[in-house]
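In what follows, a structure is listed as structure tokens, so that the remarks can point back to it.
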Amino acid sequence: MFRRTFYILFTISALITFGYSGSVRVVNRTDNSMDDIATLDRLRGTYVSTKDVSRILAKRDPFVNEARGKMVLYLGDHRIKISGNSSYVLVDEQVYQMPMYAIWTKNDIFLPAESFFDIVKRTILPGINYDPRRMVLDIDMKEFTITRVDITQKANGTILRILTRNSFPEGNISSFFHENGWFYLTIAGGLADTTEIRRSDTRGVVRSVAADQLGQTAQLAFQMRTKVENYEIYQSSDPSEIVVSLRTAMDNSLARIKEVKDRWKLDTVVLDAGHGGKDPGTMGRKGTKEKDIALDIVKRVGLLLEKNTKLKVIYTREEDVFIPLWKRTKVANESNGKVFVSVHLNSNPNKTAYGFETYLLRPGKTEDAIEVASRENEAIKLEDRSKGKYQDISGESLIIATMAQSVYMKESEELAAMIQEEIGKKIKSKNRGVKQAGFHVLIGASMPNVLIEAGFLTNANEEKNLRNAKYRQNIANSIYKAIVKFRYSREQYLSES
Ligand SMILES: [Zn+2]
């Protein structure tokens, strides 16, 4: 009697402790194959064999550490670490907890089926479905549709790129900032590779990234370092991605600084060859025309800039054509020019006058300067429809035009001084200095601007020199050097501010 009771008790306890062997039926829809996973069936549910799960779902054998009762399962590019007598599972170092302990037995680990398959589905294989009632594991090779998040920090804010395999209807994407400092992005119908997304490198305003799959809805969450002032979200199709740009107060001010810097950055030079076409400008005794010499020098300067710098060069004219004065500054402004250099040749009834001078737009101080400006302004008379385009340039209107340019005056002065200095180094002529007068061609230029009178064609010796290509190359070299120096000093100033 005693022995019999003992036997029955032993049988019951053995059933509870070791369970009885059963199996989970595996249906693979990709190749229509069937398989079985050995199970332990306990009162609290079904446990599946890790070795069998690995055999069916993994491409390589698991790593088994018998002494410590641990196994590593390799699914796709991911690693799942499992320990016997523990309820924790590590998917690529991310911890997941199951409601029951895994059981180490017979050199294998048995995992609570329902919760384990749920973790695998959420993290690595979205195409698996486990039916605990029927004990069937259904495998369909579905792909994640939200695969990765790239975070970059730009001057104007932090950009989140959520890479997707397809685009989603606009209504499926919703986003909001929670007062807890998290930004939530919900994508209905999206299947997120949560493991990969959680591994995203954080940058900029993003402190950490979280991802979860809730049934048919993917939820991504981004923890912010500071308050975000505004954000934009849009979908692009090539590449397929959801882009979120986040801006903080700091980003906004940095973006403004960059905008200002870009606006000031000397990247475009406008070169203006005086006169042209029906307007020859002044003429030397040997018939040398100002329009030809000016164009030649300008082209040489442009060539040097194009060859040796990354500056964009804009010419108001590249051939022998007539261009109205008003159009020259218009071209300069419309091309976003950052400096305007006009090249001319001088004349004087006094044939002994010689040398080079650079002009700024300001009311003329000397009779000579006013005389030079009024001669250069005469081109207006050759324009077909000049009426109304020009104001009287004496007196008050010139003062107003000058004031409009006062922002550029200091820089125009600097550039003029540099040009005079550089030309002085290169050619044997007289440095007549920086002067000022009212030139129509300079009016309205929204950038530092100067007008160079490179020499007197009315002076026999200077005309002879200016007919010499080498002499003109020297002048061009000097102007080129001055522009490069000017740009450098300006960039130094900008980088300090
Ligand atoms: Zn001229």
Side-chain angles (χ1 to χ4, degrees), residues 270-302 315-332 340-351 353-362 364 366-383 386 389-390 393 398 412 416 419-420 423 429-430 432-445 449-459 462-463 465-467 471-472 475-476 478-479:
V270 182
L271 298 177
D272 175 55
H275 314 275
K278 62 186 171 187
D279 169 22
T282 190
M283 204 131 40
R285 248 191 312 194
K286 287 187 174 147
T288 320
K289 291 174 190 147
E290 178 182 1
K291 63 174 185 179
D292 297 331
I293 303 292
L295 183 61
D296 179 86
I297 293 172
V298 153
K299 279 190 170 171
R300 288 172 193 270
V301 176
Y315 302 89
T316 53
R317 70 177 178 99
E318 284 183 271
E319 50 203 297
D320 187 14
V321 288
F322 180 80
I323 313 267
L325 293 181
W326 60 269
K327 208 170 182 179
R328 296 174 189 248
T329 30
K330 189 165 178 268
V331 166
F340 181 86
V341 177
S342 189
V343 175
H344 289 253
L345 284 310
N346 229 334
S347 76
N348 199 299
N350 175 3
K351 308 281 188 243
Y354 75 105
F356 53 94
E357 54 201 26
T358 301
Y359 280 88
L360 303 167
L361 177 70
R362 261 186 201 169
T366 63
E367 279 306 311
D368 269 4
I370 291 165
E371 179 52 37
V372 170
S374 80
R375 184 174 48 75
E376 297 292 12
N377 289 337
E378 278 193 352
I380 294 168
K381 292 177 186 162
L382 298 169
E383 292 178 18
S386 65
K389 279 221 178 345
Y390 300 95
I393 200 160
L398 178 55
S412 300
I419 290 169
Q420 283 301 116
I423 299 179
S429 187
K430 190 170 155 193
R432 298 169 66 97
V434 176
K435 298 185 172 180
Q436 59 186 65
F439 292 88
H440 268 302
V441 74
L442 299 180
I443 288 177
N449 55 81
V450 296
L451 185 145
I452 305 165
E453 296 282 356
F456 286 77
L457 283 176
T458 42
N459 180 286
E462 207 146 53
E463 182 190 17
N465 284 338
L466 285 163
R467 288 173 72 93
Y471 189 84
R472 295 195 299 270
I475 294 173
S478 311
I479 297 171

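Note that ligands are numbered from 1 as they come in the structure, with each ligand's atoms numbered from 1 the same way.
No side-chain heavy atom of Glu357 sits less than 4.5 Å from a side-chain heavy atom of Lys430.
Sorted by chain and number, the protein atoms of type N, O or S within less than 2.8 Å of the Zn ion (ligand 1) are His275 NE2, Glu290 OE2, His344 ND1, Glu376 OE1, Glu376 OE2.
Asn459 contributes no side-chain N or O that, together with a main-chain N or O of Asn346, makes up a donor-acceptor pair within less than 3.5 Å. The main-chain N or O of Tyr359 is never found under 3.5 Å from a side-chain atom of Glu453 such that the two would form a donor-acceptor pair.
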Before you tell me yes or no, could you show the steps for Phe322 and Glu383 under side chain to side chain contact (heavy atoms under 4.5 Å, CB included), namely the whole-Å CA-CA distance, both residues' side-chain angles and the distance that decides it to 0.1 Å? CA-CA 9 Å; Phe322 180 80; Glu383 292 178 18; 3.6 Å; yes
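The closest side-chain donor-acceptor pair between Ser347 and Arg375 falls under 3.5 angstrom.
Atoms CG and CG, on Leu295 and Asp320 in that order, are 7.5 Å from each other to the nearest 0.5 Å.
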